[in-house]
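For reference, positions follow the sequence shown, starting with 1. Fair warning: this is a prediction, and the values are worked out from it, not measured in the lab.
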Amino acid sequence: MTNFATEILTISKNTGMLEDVFAILNSSGIQNTSYKYENEDETLDFIKENAPSILILDDKTEAPAILAKKVKSEFEDNIFIILLCDTENFEVKNGDFSGSVDSFVQKPIQKNILISTVNSFLKIKKSLDKFKKDNKELNKSLYQLDVLYNTSSKLSGNLDKKKLYEIMFETLEKTLSFDLACALIFPQAYENSENKLFIHSLKKPDETLLNVLSEKITDYAKENAQNNDFTKVSIEEFIKPSYENQNFDIKLLNFDKLMAPIQVKDKTYGMLLIYRNKPFLKEDVVCFQSIVHQISSALQAIILYDEIKNTNVELKKLERIKSEFVSIVSHELRTPLTPINNSLEIVLSENITDTARNFTNMAKRNVKRLSGIIEDLLDLSRIETGKFDFKYEKYNIKTSFDIIQKTFEEQAKEKGIIFETELNSNLPDIYADSRKIEQILTNLTTNAIKFTPSGGSVKISAQTINAKNLNKDTLINPVCDYSGDYLKISVKDTGIGIKEEDIHKIFDKFSQIENSLTRNAGGVGLGLTITKHFTDAHLGGIWVNSTENEGSDFNVIFPVYSDLKAFEINLNAARKINETTCLLTLKSKEGRQKLDTLVQKLKEENIIKQLKNSKEISFETENYYAYKIFFSNLQKNVCDFMTRQIQDYINKESIFKDCGIVLERTVFRKEDGDYSQGI
């Protein structure tokens, strides 16, 4: 007899035996199926088709030991086998069936023994199935956690919105195996774009389904973001290539679905909706919510970064407009001052009354003061727009000291201030723009005299100092790593001094420390700002030691001349003026000869070209010998090509291939006043 229940299957050539087993099990409410053995192949096919949990095998079946072993091998021990055997042949049969039979029931069959044996295996099977299910769910959960962890790593530091969406759909596919996922992303205030609907699907949605999906997710979105305009939605579809010729129709809407807003706190950025033919489990819902939370947080960071970036662009644009406006106005103001000043000179040369002369001199002083303010404004405008031209040369500071002495000694005397200069003998040369150095000294000396009351003193001195003896913590916004010898210039006064908390403020644009003397002294607060810019342009530094009501000591340093320092100053200037500056460096730890030979060969081969605005230097440190060359306004693709040519030449020529020569390339780009470095 045959009953197609697959939990228990009895196989025998004896119809009576099949009927007896069926009756015993059926009487206890245990469903079972019987199969009369004809041949091995048909029997194995039947077992494969029905996949029972327990197989009851009669030992009178043809070659039962072989059949049992094949079943165990085919089903990898997922079927329990009970052998029905005669008592007198039990030991022989037990040996034959070793390893392939799980239990023996002796003939004649006793009802209670067969039922107990079957029930015990059914319990074992049930426990094993539960264990396998739990283990499968555990493995799935561990896999989902691993994917979520990797997703978190991918999202950290990512500020690309397009990449974010790619990571989102990739994570959803790996963890939830969706059939179709769609995300409606809202444009932000700073974006000039419309709502975007991204659809990732196994099969292409037909037009009807696409319209319904768009309508559904838009309706969901309206509930969470009422202020958005959903009249315009652009759609981007991503279909799996292996299913590109198949379609999803409206029946997809009967699949199980998960939906959530992409939001952080009260701000909604979009909606996410996924469909799957296989029902979502509880842990799938938790995983989905975790992914949405991760994406929401990452999207918030990207949007905040974009807003800051766009705000900075606008601020830089306004700053540029302001600088251009200041430049134009300053030029316009300076134009009439020249004829006014000339007219006053003519009046003073005439025979006029003392009263008229006093008023004319007062007018002349104010014209001079106004001219100074205008020049400061023009200097600041040139600095901010990168249009300041520095003419660097090797020169000695003594000449500038003589000019400062002659310029200010009479002014200090008129105010009743002791004024002196002190220079150490044999001061080293520096690489600098002498006119800018004199302007630095003029600004510092002007301030010292301006803020020192009658009876005080101002002293300017210069000496050599090594970078090791610098307290770098006191430097105002240092611009480089300081090393080697420097020329230090000090301007010390016994004036009003500066509070410690105000020292950094005085270098800000238009900044002045409020007290009665500063208000009387006047000015717009640009002198120290310009001084700091000029000092930075020489790769120098500035700091202040000051005590309120006792005086101030302003110190500036400039690197002592060397070919390397001159190269670095020129490179720094090129970075600030030109749109792009390319620096190439060749280093060797094996001495000078091979590197010099390589550089010479590269020049002979016209691989390294010395252009009009390029500069080069060869130098030696404690650790290596190096050659550097930089090019101004060299296009990046040209720089890349030259770099590849140099590297190819090193790799090709055996004399240089394994001698430890390293090539480095740096491209400095000037973008909206900022300088970014790319390797």
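Not one N or O on the side chain of Asn549 forms a donor-acceptor pair closer than 3.5 Å with the backbone of Gly497. Remark: side-chain polar atoms of Thr494 are paired, donor with acceptor, to backbone N or O of Ser457 under 3.5 angstrom. Within the 3.5 Å criterion, the main-chain N or O of Ile449 finds no donor-acceptor partner in the side chain of Thr452.
A donor atom on one side chain and an acceptor atom on the other are found under 3.5 Å apart for Asn555 and Ser490. In summary, the side chains of Tyr395 and Ser400 do present a donor paired with an acceptor at a separation below 3.5 Å, with no hydrogens or angles considered. If you check the side chains of Asp596 and Tyr625, you find a donor sitting under 3.5 Å from an acceptor. Checking Tyr649 against Glu605 by side-chain atom types alone, no donor-acceptor pair falls below 3.5 Å.
Side-chain contact between Leu584 and Met642: present, with at least one pair of heavy atoms (C-beta onward) separated by less than 4.5 Å. Between Asp553 and Val491, the closest side-chain pair of non-hydrogen atoms is not below 4.5 Å.
Residues Asp536 and Lys532 are paired through a salt bridge, judged by an N-O separation under 4.0 Å between the basic side chain and the carboxylate. The existence of a salt bridge linking Lys398 and Asp402 is confirmed by a sub-4.0 Å separation between a basic side-chain nitrogen and an acidic carboxylate oxygen. A salt bridge between Lys459 and Glu422 is present, with a side-chain N of the basic residue lying under 4.0 Å from a carboxylate O of the acidic one. Here Asp433 pairs with Lys436 in a salt bridge; the nearest charged N to carboxylate O distance falls below 4.0 Å.
Heavy-atom neighbours of Glu501 CD from other residues, nucleotides or ligands within 6.0 Å: above the threshold of 12. When the shell of 6.0 Å around NZ of Lys589 is examined, it contains 12 or fewer heavy atoms from other residues, nucleotides or ligands. When the shell of 6.0 Å around CZ of Arg435 is examined, it contains 12 or fewer heavy atoms from other residues, nucleotides or ligands.
Note on ring orientation: taking the six-membered ring where Trp is involved, the planes of Phe390 and His538 are perpendicular (angle over 60°, cut-offs 30° and 60°). Relative ring orientation between Tyr561 and Tyr431 is described as tilted, the plane-to-plane angle lying within the 30° to 60° band.
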- Show your reasoning for whether side-chain hydrogen bond (donor to acceptor under 3.5 Å, both in side chains) applies to Asn651 and Gln647. CA-CA 6 Å; Asn651 295 338; Gln647 191 63 63; 3.3 Å; yes

- Query: So Lys505 and Asp502, salt bridge (charged side-chain N to carboxylate O under 4.0 Å, His left out) or not? Walk me through it.
  - Reply: CA-CA 5 Å; Lys505 298 177 185 177; Asp502 290 332; 3.2 Å; yes

- Message: Checking Phe567 against Phe630 for the ring pair (Phe, Tyr, Trp, His ring centres under 6.0 Å) test, could you report, in this order, the C-alpha distance in whole Å, the side-chain angles of both residues, the deciding distance, and whether it holds?
- Response: CA-CA 9 Å; Phe567 179 87; Phe630 74 79; 5.4 Å; yes

- Does the salt bridge (charged side-chain N to carboxylate O under 4.0 Å, His left out) test come out yes or no for Lys603 and Glu616, once each step is laid out? CA-CA 12 Å; Lys603 290 179 179 179; Glu616 63 177 347; 2.8 Å; yes

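Here disulfide bond (SG atoms under 2.5 Å apart) pairs that include residues 539-625, with residues two or more places apart or in two chains, are Cys582-Cys639.
Rounding to the nearest 0.5 Å gives a distance of 10.0 Å between CD of Glu604 and OG1 of Thr597.
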